[in-house]
Structure formats: structure tokens, C-alpha cells
Novice: 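Dropping the structure in here first, questions after.
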Amino acid sequence: MAAVSFPMENWSELLHELLIEIAKQITSIEDFVSFGAVCSSWYAAATRENFTRSSQIPWLMLAEVEEQQNESERWRQFFSLSSGRIFKVILPEASEIRCVSSLGWLLTLGELKANLLHPLSRLQIQLPDLNTFQDYDEHENFLLDYVHRMVLSASPAATRDYLVMVTHGFAASLGFWRPGDASWTAVDRWELYIYDITYYKDKLYAVDVHGSVIVCDVNGPNPTQVNLVSSPPDGFLPLRNVQLYLLGWLNNTLLVVSRKGVQLTDAGNYGTTTFRVFQLDLCDKKWSEINNLGNRALFLGFNSSFSMEASDTNRCKANFIYFTDDCVDSYRSSPGGGGRDMGVFNLSDGSIEPHFDGRSLSLVTPPTWVQPSF
């Protein structure tokens, strides 16, 4: 049978129904994005409804490349762990601005303004000005780091019933916003600095500098009230020269992850040396240390902490911790900023290997995990 050629100039004329069927066969989100970039007719078929959802390994949004000429077409680079490729996304909305991430969305933070930004669709959701928090004016010289962490209860692309929850200010106090609110809502102040937050089973949980876990029922009758869930036994959790992370886990439990080596040494260096993982059972309030994550991996950094199942398809490694450089107090003293302290920690043997071999540094937004989504 003779080969049939299809002139390249006619690719844009393929039937829309055929393009939809082709789009539905694509399971990699980065291939799906490339499919939609071919031409306008292919882009029209590359919709959220036509993407076959599967477990997608996160992208690493790299530090912004300086000296881009065209302000309206400024782009960000994303590194794919599964393919090892770096690709560009035109995203001027995330240029020269601080970003943290959750569920595939970026929270972009100016000195006053805050917006949710979807990096693929470029959809923006305007949030109330940050000065609706009463302590905002106390941080006039530290506005770049005013918001530390952010977690979404659900993706705004999927529902209008969602919450944006943050830690803010010197004490990393809790606050939240829901669609329709004219201002941010401040949660009752907790007496200790809060390291990380997570949304689990319809409640906001946080871990403080002593490793204690607290909860706020943001959907209940007293949404600003904070209660102690449990404190670890004395000496159980390492607390010196560490950073703590919090995420929901299996069977009504939370994980508290301790990362050691994040503070500057006398020589002016810093760098992660080890992780330890602790489990808190929310039913009996018992703590235990675990050394095996099963078939899952953790992703930690300026993203809302999360886990995902490892598979041959996504090339995610089971029982590994993927981490980025989010040690602000340390990297602000380093030339170029943050981005040096990144890697993949093997929970089985304690070894660390790189996940990105290039150099990517920033004082504003160092490399950050983003969960690709539509």
C-alpha cells in the first residue's frame, strides 16, 4: 500500500470532531498543552472537558529569567520531572512577583494586591487587598514576605465553593477568604509561629514551631476559633534547626514532616541534611514515626504540601520526598537568593539526589512545585 501524505499546511483544517477525539487520547498534560499550541483550531479542541484526567507529576516552576524584553509576553519556565524537559509558558501575570501554589493555582502577591492565577489558562481571580488584614501596616518593611503559605480547599476551576487559606505576618497568623467576601477574615491569633497549613476533611489544620497541631473549623459556626488538636510528647519531635510541614494522610491521620539543616551555619551556609516523618492519628491523638510512605511520595516547598501515588507512568519515586528551597531567612542572605537547597530525599537510606541539574535562583520566587491541572 502506498503511503498517504498529509500536507502540513492542512493540519489546521482537520475536522473539529477528529481533533476532539485525538485530544481525548492524550494523558500527559504537557503533551496536551503542546497539542493546543499547534494552531487556533487545535487550541479550540484542547479544552478542560476533553482532557483525560490522570495522576500528573508536579512541574517545577523555575525562577524567572531576567532581561526579558517584551513586557506583555514575559514567560515562566516549567521543568517536567517525568520528561526532563523545560518548556515556556507566556505568563506576564507572574512576572517580578512573589508566588506560592496550591492545587495547580498560583497566589501572586504584590505589595498590596493578591490574585489567584491559573498558569495554563491565565485565568485570574482578584482577591481583596492584603491591607484588609489588621496587622498589614505593621509589616511595611517586610511586605515581600507578608504571606508565607497558601492552601486551597478546592480548585476554583471546579467549583465556586472554595476557600483560600493563608498564613501571614510576623507570627504567620491564619486567615482565609471565600468568594463573595469583601475582605480577608483573620482567624484568632495563636500564641506561637505557624510553619505550615493544610486543608483536610473540611477543616483547616496548622502546625506550629513546637510541633503542635491546631485546627480551625472554617466551615462551622465559629470559623475563626482555633483549638489545639495535639502536641507531640516531649523530646519526640526534633525542633532545633528544622522546618516543619503538614499534610493530610491516610485513614484519618496527618503527617508532620521535619526538615533539618535549613538554618544558616556560622560559616553562612545552609542545606537540608535529613527528613523525618511523624504521623498523628486524629481519632486517638497518638503520635508515631513512620519510615515508609508505601507507594507514595511527598512534595514540599512553597506549595501546599501534598503526596501522590508513584507509578511507572508518572515516574514519581515511591518513599521519596521531593523538596525545594523555601528557607527564606537563610536564602535571603545568599547571592542570587533561593534555589540551591533542592533535591529528592530517599526515606529508606537517607540519601539525597538532585531533581533539577540546572541553576535557578531568585530572592522573590525560587523554584516552586505546581500541580498541573485544568
Novice: Honestly curious: do L282 and L250 fall in one hydrophobic cluster under the side-chain, below-4.5 Å linking rule?
Specialist: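 No: no chain of side-chain contacts under 4.5 Å links L282 to L250.
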
Novice: Would you check if L60 and T324 make a side-chain contact, meaning some heavy-atom pair closer than 4.5 Å?
Specialist: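 Yes, at least one pair of side-chain atoms sits under 4.5 Å.
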
Novice: If a pair satisfies salt bridge (charged side-chain N to carboxylate O under 4.0 Å, His left out) and one of its residues is in residues 183-207, list it, with sequence neighbours excluded.
Specialist: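 Listed by first then second residue: nothing to list.
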
Novice: Checking S360 side chain against L62 main chain: does a donor-acceptor pair fall under 3.5 Å?
Specialist: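 Flag not set: sc S360 to bb L62 has no pair under 3.5 Å.
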
Novice: Give every residue pair that meets the salt bridge (charged side-chain N to carboxylate O under 4.0 Å, His left out) criterion with at least one member in residues 333-345, sequence neighbours excluded.
Specialist: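 Of all non-adjacent pairs touching residues 333-345, those that pass salt bridge (charged side-chain N to carboxylate O under 4.0 Å, His left out) are R259-D341.
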
Novice: Identify the two heavy atoms, one from G294 and one from A318, that lie closest to each other, and give their separation to 0.1 Å.
Specialist: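 Smallest heavy-atom distance, with atoms named: O-CB, 3.6 Å.
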
Novice: State, to 0.1 Å, how close D161 and S153 come at their nearest heavy-atom pair, and which atoms those are.
Specialist: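 That closest heavy-atom pairing would be O-OG, 4.5 Å.
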
Novice: Surrounding CD of Q134 (heavy atoms of other residues, nucleotides or ligands, distance under 6.0 Å), is the total greater than 12?
Specialist: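 No, the 6.0 Å shell around CD holds no more than 12 heavy atoms from other groups.
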
Novice: So with a 6.0 Å cut-off around CG of N252, is the heavy-atom count from everything else above 12?
Specialist: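 Yes, the 6.0 Å shell around CG holds more than 12 heavy atoms from other groups.
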
Novice: Please, which pairs that meet salt bridge (charged side-chain N to carboxylate O under 4.0 Å, His left out) have at least one residue in residues 122-136, sequence neighbours excluded?
Specialist: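 Checked against salt bridge (charged side-chain N to carboxylate O under 4.0 Å, His left out) - neighbours excluded - the pairs reaching residues 122-136 are E93-R122, K113-D129.
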
Novice: Other than I97, which residues form its hydrophobic cluster under the rule that side-chain heavy atoms must be closer than 4.5 Å?
Specialist: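 Under the 4.5 Å side-chain rule, I97 groups with nothing.
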
Novice: Check the surroundings of atom CD in Q126: do more than 12 heavy atoms from other residues, nucleotides or ligands lie under 6.0 Å from it?
Specialist: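 Counting neighbours around CD of Q126, 12 or fewer heavy atoms of other residues, nucleotides or ligands fall under 6.0 Å, so no.
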
Novice: Below 4.5 Å, heavy atoms only, C-beta onward: do L116 and V164 meet side chain to side chain?
Specialist: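 Yes, at least one pair of side-chain atoms sits under 4.5 Å.
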
Novice: I'd like to know whether N346 forms a side chain to side chain contact (heavy atoms under 4.5 Å, CB included) with I352, so could you lay out the CA-CA distance, the side-chain angles of the two residues, the decisive distance to 0.1 Å, and finally the verdict.
Specialist: CA-CA 6 Å; N346 187 332; I352 296 177; over 6 Å; no

Novice: With distance as the sole criterion, is a donor-acceptor pair present between the side chains of D349 and S351 under 3.5 Å?
Specialist: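 Yes, because at least one side-chain N or O of D349 sits under 3.5 Å from a partner of the opposite role on S351.
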
Novice: Without swapping roles, check the side chain of S80 against the backbone of S83 for a donor-acceptor pair under 3.5 Å.
Specialist: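 Yes, because the side chain of S80 sits within donor-acceptor range (under 3.5 Å) of the backbone of S83.
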
Novice: Tell me if a side-chain donor or acceptor on T132 pairs with a main-chain N or O of W184 at a distance below 3.5 Å.
Specialist: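 Indeed, once roles are kept as given, a pair shorter than 3.5 Å links the two residues.
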
Novice: Would you confirm whether T365, through its side chain, and C99, through its main-chain N or O, come within 3.5 Å as a donor-acceptor pair?
Specialist: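 Answer holds: yes.
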
Novice: Please confirm whether the backbone N or O of A157 pairs with a side-chain atom of S155, one donor and one acceptor, at under 3.5 Å?
Specialist: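 Answer holds: yes.
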
Novice: Using the ring of each side chain (for Trp, its six-membered ring), is F320 parallel, tilted or perpendicular to Y322, with breaks at 30° and 60°?
Specialist: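 Rings of F320 and Y322: tilted, 30 to 60°.
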
Novice: Holding to side chain to side chain donor-acceptor pair (under 3.5 Å), I want the full list of residues that pass it with T273, two or more places apart in sequence or in another chain.
Specialist: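 T273: no side chain to side chain donor-acceptor pair (under 3.5 Å) contacts found.
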
Novice: Picking from F299, W369, W59, what satisfies ring-ring contact (aromatic ring centres under 6.0 Å, His included) with H355?
Specialist: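 For H355, the ring-ring contact (aromatic ring centres under 6.0 Å, His included) test succeeds with only one of F299, W369, W59, which is W369.
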
Novice: Between D208 and Y195, is there a side-chain heavy-atom distance shorter than 4.5 Å?
Specialist: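 A side-chain contact under 4.5 Å is absent here.
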
Novice: What's the separation between atom CZ in R178 and atom CE in M165, rounded to the nearest 0.5 Å?
Specialist: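 R178 CZ to M165 CE: 9.0 Å, rounded to 0.5 Å.
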
Novice: Go through the steps to decide whether V256 and L237 satisfy the test side chain to side chain contact (heavy atoms under 4.5 Å, CB included), and finish with yes or no.
Specialist: CA-CA 9 Å; V256 176; L237 196 67; 4.2 Å; yes

Novice: Consider only side-chain N and O atoms of Y270 and D329, and report whether a donor and an acceptor are under 3.5 Å apart.
Specialist: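 No, no side-chain donor-acceptor contact under 3.5 Å.
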
Novice: Please tabulate, one pair per line, all N/O donor-acceptor pairs under 3.5 Å involving side-chain atoms of residues 226-233, not counting sequence neighbours.
Specialist:
{"from": "N227", "atom 1": "OD1", "to": "Q225", "atom 2": "NE2", "distance (Å)": "3.4"}
{"from": "S230", "atom 1": "OG", "to": "W287", "atom 2": "NE1", "distance (Å)": "2.9"}
{"from": "S231", "atom 1": "OG", "to": "S212", "atom 2": "OG", "distance (Å)": "2.6"}

Novice: If you look at every heavy atom in I197 and A206, which pair is closest and at what distance?
Specialist: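 The pair with the smallest heavy-atom distance is CG2-CB, 3.8 Å.
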
Novice: Can you check whether M308 reaches P58 side chain to side chain, under 4.5 Å on heavy atoms?
Specialist: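 Counting from C-beta outward, M308 and P58 do come under 4.5 Å.
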
Novice: Mind checking what makes ring-ring contact (aromatic ring centres under 6.0 Å, His included) contact with Y331, not counting sequence neighbours?
Specialist: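 Partners of Y331 by the ring-ring contact (aromatic ring centres under 6.0 Å, His included) criterion come out as none, since no residue qualifies.
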
Novice: For residues 208-237, which residue pairs pass the ring pair (Phe, Tyr, Trp, His ring centres under 6.0 Å) check, not counting sequence neighbours?
Specialist: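 Listed once each, the pairs are F236-F278.
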
Novice: Identify whether V242 and L264 are in the same connected component of the hydrophobic contact network (ILVMFWY, side-chain heavy atoms under 4.5 Å).
Specialist: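 Looking at the clustering, L264 is in a separate group from V242.
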
Novice: List the steps, then state whether side-chain hydrogen bond (donor to acceptor under 3.5 Å, both in side chains) holds for N303 with S101.
Specialist: CA-CA 5 Å; N303 55 286; S101 75; 5.4 Å; no

Novice: Tell me if a side-chain donor or acceptor on W177 pairs with a main-chain N or O of D181 at a distance below 3.5 Å.
Specialist: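 Answer holds: yes.
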
Novice: Kindly write out the residues that satisfy side chain to side chain donor-acceptor pair (under 3.5 Å) with Y200, not counting sequence neighbours, or none if the list is empty.
Specialist: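 Once residues adjacent in sequence are excluded, Y200 has no partner under the side chain to side chain donor-acceptor pair (under 3.5 Å) criterion.
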
Novice: When you group the ILVMFWY residues by side-chain heavy-atom contacts below 4.5 Å and let the links chain together, are V277 and L239 in the same group?
Specialist: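 No, L239 does not connect to V277 through the hydrophobic network.
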
Novice: So L91 and L106, side chain to side chain contact (heavy atoms under 4.5 Å, CB included) or not? Walk me through it.
Specialist: CA-CA 11 Å; L91 205 59; L106 300 174; 4.3 Å; yes

Novice: Quick one: side-chain contact (heavy atoms from CB on, under 4.5 Å) partners of A267, sequence neighbours excluded?
Specialist: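 Listed in chain order: T265, N269.
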
Novice: Test: salt bridge (charged side-chain N to carboxylate O under 4.0 Å, His left out). Region: residues 272-288. Which pairs qualify, not counting sequence neighbours?
Specialist: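 Passing the test, one end in residues 272-288: R276-E289.
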
Novice: Treating Ile, Leu, Val, Met, Phe, Trp and Tyr as nodes and any side-chain heavy-atom pair under 4.5 angstrom as an edge, say whether I290 and V257 lie in one connected cluster.
Specialist: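 Looking at the clustering, V257 is in the same group as I290.
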
Novice: Return yes if a side-chain donor-acceptor contact under 3.5 Å exists between R296 and S307, otherwise no.
Specialist: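 Yes, S307 and R296 have a side-chain donor paired with an acceptor closer than 3.5 Å.
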
Novice: Start with the C-alpha distance between L246 and L255, add both sets of side-chain angles, then the distance that settles side chain to side chain contact (heavy atoms under 4.5 Å, CB included), and finish with yes or no.
Specialist: CA-CA 6 Å; L246 183 69; L255 293 187; over 6 Å; no

Novice: Name all residues meeting the ring-ring contact (aromatic ring centres under 6.0 Å, His included) criterion together with Y205; count only those two or more places apart in sequence or in a different chain, and write none if there are none.
Specialist: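 For Y205 there are no ring-ring contact (aromatic ring centres under 6.0 Å, His included) partners, ignoring immediate neighbours.
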
Novice: Nearest 0.5 Å, please: how far is CG in L123 from NE2 in H118?
Specialist: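 Rounded to the nearest 0.5 Å, the NE2-CG separation comes out at 8.0 Å.
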
Novice: P366 and F302: which non-hydrogen atoms are nearest, and at how many Å?
Specialist: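 Here P366 and F302 meet closest at CD-CE1, 4.0 Å.
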
Novice: Taking the side chain as C-beta and beyond, is there a heavy-atom pair between T167 and S173 under 4.5 Å?
Specialist: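 Not touching, per the 4.5 Å side-chain cut-off.
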
Novice: For E64 and S95, which I'm curious about, is there any donor-acceptor pair between the side chains at under 3.5 Å?
Specialist: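 Indeed, the side chains of E64 and S95 share at least one donor-acceptor pair under 3.5 Å.
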
Novice: Can a donor-acceptor pair be found, under 3.5 Å and without considering hydrogens, that links the side chain of S102 to the backbone of L152?
Specialist: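 Confirmed, S102 side chain pairs with L152 backbone.
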
Novice: Would you mind reporting whether F275 and L300 have side-chain heavy atoms less than 4.5 Å apart?
Specialist: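 They are in contact (side-chain heavy atoms under 4.5 Å apart), so the answer is yes.
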
Novice: Do L174 and T224 come within less than 4.5 Å of each other through their side chains, counting heavy atoms only?
Specialist: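 Not touching, per the 4.5 Å side-chain cut-off.
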
Novice: Whether the D326 and Y245 side chains hold a donor-acceptor pair (N or O, under 3.5 Å, no angle test) is what I'd like checked.
Specialist: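 Yes, a side-chain donor-acceptor pair sits under 3.5 Å.
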
Novice: Do T108 side-chain atoms and N115 backbone N/O form a donor-acceptor pair below 3.5 Å?
Specialist: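 Yes.
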
Novice: Please confirm whether the backbone N or O of L293 pairs with a side-chain atom of N319, one donor and one acceptor, at under 3.5 Å?
Specialist: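 Pair found, side chain donor or acceptor close to backbone of L293.
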
Novice: Within the structure provided, determine whether F170 and Y193 are in side-chain contact (heavy-atom separation under 4.5 Å).
Specialist: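 Contact flag for F170/Y193 side chains = no.
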
